[in-house]
Every structure is written in C-alpha cells, then in structure tokens.
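Beneath this line is the structure, given in structure tokens, with notes to follow.
Letters A, B, ... mirror the listed sequences (proteins, then strands); counts begin at 1. All values below come from the heavy atoms of this structure, side chains included, with hydrogens, waters and symmetry mates left out.
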Amino acid sequence: MSQTTLLLLLNATVETFYMVIFASIFATLVGLPLGVILYTSRKNNILEHPYLHQLLAALVNMTRSIPFIILMVAMIPITRWIVGTSIGTNAAIVPLSVAAIPFIARIVENAILEVDRGLIEAATAMGATAWQIISKILIPEALPGITNGLTLTIISLVGYSAMAGAVGGGGLGDLAIRYGYQRFDVKIMLMTIVIMIVLVQVTQWLGDKLAKQFSKGR
Amino acid sequence: MITFRHVCKNYTTSGSSVLALSDINLHVNAGEIFGIIGKSGAGKSTLIRCANLLEKPTSGEIIVAGQDLTRLSSSDLRQARQKIGMIFQHFNLLSSRNVYDNIALPLELTGHSRKDIAAIIGPLLELTGLADKKNNYLSELSGGQKQRVAIARALANKPHVLLSDEATSALDPETTLSILQLLKNVRDTLNVTILLITHEMSVIKTVSDRVAILQNGVLIEENEVGEFFTHPKTAIAKNFIASSLLQHMPAAIEEHVFTEEQPHTHPVLRLWFLQGTATQPVISELSHQFDFSINILQANVEYIKKHAMGIMIVAIKGEKLKIQPAITYLKQLGVEVEVIGYVPDNIITFT
C-alpha cells in the first residue's frame, strides 16, 4: 500500500472520529437534559407539566421521523448560519448533532422510566429538591441504561457520518464514495469498510465495559 | 408529636370521587410507638403518607413536631420532611450505591461534609448491626439487612418521627421480629416517635404501645395495646384479635358440625379468655363442678405486654341441664362463651 493511500485513510479516519465525537458531545449536552425533562414533566411526576411534555414529545418525534440525508440537506441554511459553511467536517457536525438529540432524549427518558418510582418517593420523603432527585437518584440509577443507549447512538453516528461524507462532509464515507465508488478503487473501499467495522466494535466494547462498571454491585 | 385533625382525603378518578380517609383524628405522643392496623384497601397507606404530606389531604390539619404541615411553603415542607424519617415495604434503596452511601444520601441532601457524614454513620451502622456490611452493595444483602439499611438511612438526619409503611410485610416472621426489635430499640435509645401501619396483628402485639383500627377510611377503635386485646370494644377489633389467635375449628371436625342441636350431639363452645382469665384453671373447675368431659379442639394463649389472653374451642359432654349453668358460671369468671355448633358423638371421643 502506498504512503498516499495510507495518509488518505488516516486522514479520513481522523475526520470521522472528529465528527462523531463532537456530534456525540453536543447531542448529549442537549439530549440528556431534554430526556430528563421529558421524564420529569410527565403527569404525576416531580416537575409535572403535561403541555410541556406533549410539546417536547411531539418535537422529538418530528425530528426522528425525518430521514438523516433529508435532514442534512434541509438544514443547510441553519448549518451555514452556525458554522459559516455547509461543506466540511465542521458543517457535518451540526446535522449529526441535531439528528442524535431526539434519539438520546428518548433513550434517557426510557432509561429513567426503568427506575423504581419508590426511590423518588423515598427521596421526596427525605426532603430532596427536584434537582437533587434528578442528580442523586434518577441519573445515577439510570446510568447503565443511559450508557448502553449512548453507545447505540454513537454507533449510529458512525453510520450517519459516512452519509454526511457523501455530500462533502469528509471522513471515511467521503473517501469510500470518491475513491471506492467513483474511481473503482476496490482496495480503498474495502479498507474503509474494515476501519468502520473496527470503529464500531471498539465503541461497543468500550460502551459495554463502561455500562458494566456503572452497574457494579447490582 | 403527630396530630391529625379532621383529616379527609378524596380521590377523584374518572369523574367519581372516592373517600379514602374520612375525618381522621389521631394523636401520637412523643416517644410512643403507635400502630395502625387495617385490611388492604382500608386507607392505611394513604394515612401514613399524609403524615409527611407525600399525600396531600383534601382537608384537615396534620401537625408534626408543632408544625402544621398543610400550611408550610414547599421549601419549609422540605425542611420539615428532613426531620421525618420513613421506611417502606420494598425498602426503596439505591442500587447504584453501597450500604454506606445509601445511608449517607439524606445527609448529602442536607449539605453535610464528608467528615460529618462519617461521624454520623458510624454509630448508625453499630445500632443497626451493619458495621461489617458497610461496603456491600444491595444485591449482596438479605431483605432484613436491606430494611436495616433503610432504617439507618431514615435516622441519619436525627428525625423526631419515624414512619413505617408496612416495613415488615415483605419479610419472613423471624426477620420481622428482629426488625421490630430494632424499631423498639431505636425508640428506646434515640427517643424517636414511631407511627407504623400494618395488616399483621403480630406486629402490633410485638411492638406497639397504642393501636387504632382503620376500616374503610375511618379510625374505629383506639386503645392502649394491652387494653385493646383484653377489652376489645368493637366486633372488628374482636375479629382482628381472633384472626391473630387462629380460632377456627379444625376443618376435619368443622365439616360435621351442626348449627342446631340434634340427637347424639355435643355442644361446641368458643371460650374467650380476655380479662386475665387465661391464668385461671377454668377447664378443670368446669370438669369438677359440673362433672363434664371436655375435649379441647383448638386452643391458643398469647401474652401481650403483661396480659395473658387466649381463645379455646372445646366440645363438652355432660348433662344437658348443667350446660346453661356452666355457661353462666364461666361468664361470672369473666370468660366469654359462644356456642358455635353441635358435633355428633361419633366424630370426637370423650374418654
């Protein structure tokens, strides 16, 4: 394998990494609180607010029903407004984050739903504030479930990021399309596939390990 | 320490209104263990959850340690709750924390430093017998140990009051006894007032100073526990006592019993030894004075506080004419007598 090919692959892998990591961070920063609000605003819950819950739930479902490739194109004006351009890895992070936010929000909400309601009751009886219930009870208790969900999201983002590559986002997807598809370079195509597989495997392994760590003693 | 004044609770579900608690008046003295007994659906849980306002009453006042909880702002209520411990049937402990950190939770909520927390938890671990378990996770504990953790957690903020919501209902009898012993010990050493609800008479018997019955959302009979057992005033109270003393006829005999007198039958009596009569030799007196043969079918004597009390089911063979005077004689001694049927003489033997 020539040095240029190697450099191409390395460069693309770093770009994919960059996109996935930053999109995951941004999506979690928004998705985690959103998921918590989705849960706590439910009827008979600590921050009960049925209208807010319905509004957020509708918003989440709406975003999730748009296929990623369409979301990405439709978001170009917003992306341009935020990043200044609609091409490149930085630009790809915007739609990737937006696509992952509702995903993470639902995952967090569902993970917290698994927490025994009796714990909220016990904490309320201790005089805990809503914030204390969220930070000391709900999130720690739901952490293994949240971690598994985040792993799932990150793996999806690896796939999405390849799609982003197809419209000028860079990364492994871009490389595979330009060299593998348009120049019939089977070797590069196969290499990108192998790297993707390794990426997904490593992510899953790390996620499992972390979730196991969080569910220690349960 | 805890006072309920005219407390009512209505639930409205799909248009129809259900009265869960109706005009509850209750006073629990400081340092007392007060038990409320009732069947499931009687409103016990609603009542105890009113005592820290987990359940908001529709009307009435709930005064704990001098404060009317129903009038407090939400931040004052949170502060008041820090001084009201609560334990639950299913423990409600955090699986993400070990024993020590579970007990530390309420102290973290009230902003104690790590050092203070350690100083408070040490003695609590000793009191609840968990010193060697402090680093264990919940999955490594038995039900009784989990309830001990919950008790330690409930005591961490030095509460005036401990509420126990069916705390022993998920435990086996032996563990129940040890938990009740611990509650008694907690009251004696820390002078915590305890309000508990249960559906088990044995819990009341073992640990309560005073007791009240809750039926269909109404408090029916309230009394000191010894009095309650020896002088029950209502039929419901008697039923609860009887059910705790297993007074049913053995099934093999019951199926042959007639309700009316027939030829070749003997009367079956249920004797209630309530007012201290369980210590008298009533049966042998009966046998001597009236020349009866007496066959004891079922008997149970229990000790509540200093009172002995019991229920006995006996079949009597003797002269018919003497039976009524015998019943009168028993009643004079303070033994309550009911004729509960007639058993054919081929079913039981008098030798």
Looking only at heavy atoms, what is the nearest atom pair of A/A128 and B/R78, with distance?
-> O-CD, 3.5 Å
Nearest atoms (heavy-atom pairs only) where B/L109 meets A/Q132 = O-NE2, 2.9 Å
Residue pair B/N92 / A/G118: nearest heavy atoms and the distance that separates them = ND2-O, 3.0 Å
Looking at OG of B/S95 and CG of A/D116, how far apart are the two atoms once the value is rounded to the nearest 0.5 Å?
-> 9.0 Å
Considering all heavy atoms of both residues, which atom of B/R81 and which atom of A/T124 are nearest to each other, and what is their separation?
-> CD-O, 3.2 Å
Rounded to the nearest 0.5 Å, the CD atom of B/E55 sits from the CD atom of A/E121 at a distance of 8.5 Å
Once you round to the nearest 0.5 Å, how far does NZ of A/K136 lie from OG of B/S96?
-> 11.0 Å
A/R64 atom CZ, neighbour heavy-atom count above 12 within 6.0 Å = yes
Does A/F68 CZ have over 12 foreign heavy atoms under 6.0 Å away?
-> yes
Taking all non-hydrogen atoms of both residues into account, name the closest pair between B/Q82 and A/G127 and its distance.
-> NE2-O, 3.9 Å
Counting only heavy atoms not in B/K83, do more than 12 fall under 6.0 Å of its NZ?
-> yes
Answer yes or no: are there more than 12 heavy-atom neighbours, outside B/R5 itself, under 6.0 Å from its atom CZ?
-> no
Honestly, the part of B/I84 sitting under 4.5 Å from a heavy atom of chain A is backbone
Nearest non-hydrogen partners of B/N52 and A/A125, listed with the distance | ND2-CB, 3.5 Å
Return yes when atom CZ of A/F22 has more than 12 non-hydrogen atoms of other residues, nucleotides or ligands closer than 6.0 Å, and no otherwise.
-> no
For A/T129, is it the side chain, the backbone, both or neither that has a heavy atom under 4.5 Å from a heavy atom of chain B?
-> both
Can you tell which part of B/L93 gets under 4.5 Å to a heavy atom of chain A, answering side chain, backbone, both or neither?
-> backbone
Inter-residue atom distance B/L94.CG - A/I137.CD1, 0.5 Å rounding | 4.5 Å
